Amino acid sequence: MSDRLTPETIEGLRGSVAKDQEAARLLDCAASYVERGWTQCCDAVDANGSGVPVWSKRAECWCALGAIRAANVRIGLVTLYQDAEGNLQPRPMPPFVAAVYHRALWAAAHAMVGRTPKHPAMYASVVTRWNDTEAMSGATVARKLRAGAAIIRTRTRDVQAGIAESAS
């Protein structure tokens, strides 16, 4: 039995790397939102402190999760449409985008609490609870979002090294 990866496995790993690269980019973009303005207990707020959709042009501050959602729209992973009432709504995420979003939430939660939450369904709530901790600051939230991106980049380098090693 060979230690070399099959062509199908290599192709799957390359797809995984593409998702990881987008997830890291997503977290870096989210960190830039938080650096512009940060809030707690609401995904996004305007200049008056009123809640607004994360993609609103009036949004001035974002929580960690709201920033990740806004970044999804900003980098073009999620597109918006106008509903019957004239409100902008996000389109459903295709599988690739859902996987990118899931990886970004995993990495953000891991960076924030120092371990992976027990169940994937908990990633978003861990990010939200951590953001809303009383002693939290926007600078810390942005730093942890960037740390999540770094976790993903390390994983990507490891996968790419494995692919290269198998090919040799």
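Only a predicted model underlies this, so the values are computations on that prediction, with no experimental measurement involved.
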* Structure fact -> Hits for side-chain contact (heavy atoms from CB on, under 4.5 Å) against Arg25, two or more places apart or cross-chain, chain-then-number order -> Glu22, Ile75

Mind listing the closest non-hydrogen atom pair of [X] and [Y] along with its distance?
X      : Y      : answer
Lys19  : Phe96  : CG-CE1, 3.4 Å
Ile152 : Asp20  : CG2-O, 3.0 Å
Asp28  : Ala149 : OD1-CB, 3.5 Å
Cys41  : Asp132 : N-OD1, 2.9 Å
Trp62  : Ala70  : NE1-CB, 3.9 Å
Val34  : Gly138 : CG1-O, 3.4 Å

Between [X] and [Y], do the side chains contain an N or O donor and an N or O acceptor separated by less than 3.5 Å?
X      : Y      : answer
Trp106 : Thr116 : yes
Trp55  : Asn72  : no
Arg58  : Ser50  : no
Arg153 : Thr156 : no
Thr128 : Ser125 : no

* Could you walk me through whether Arg91 and Val78 pass the side-chain contact (heavy atoms from CB on, under 4.5 Å) check? -> CA-CA 7 Å; Arg91 292 193 188 283; Val78 170; 5.6 Å; no

Using side-chain heavy atoms (C-beta onward) and a distance below 4.5 Å, is [X] in contact with [Y]?
X      : Y      : answer
Arg74  : Tyr33  : yes
Met112 : Val127 : yes
Gln82  : Asn87  : no

* Where the side chain of Thr154 meets the backbone of Ala150, is there a donor-acceptor pair that is under 3.5 Å apart? -> yes

* To do: Identify whether the distance between the nearest side-chain nitrogen and carboxylate oxygen of Arg146 and Glu35 falls below 4.0 Å.
  => yes

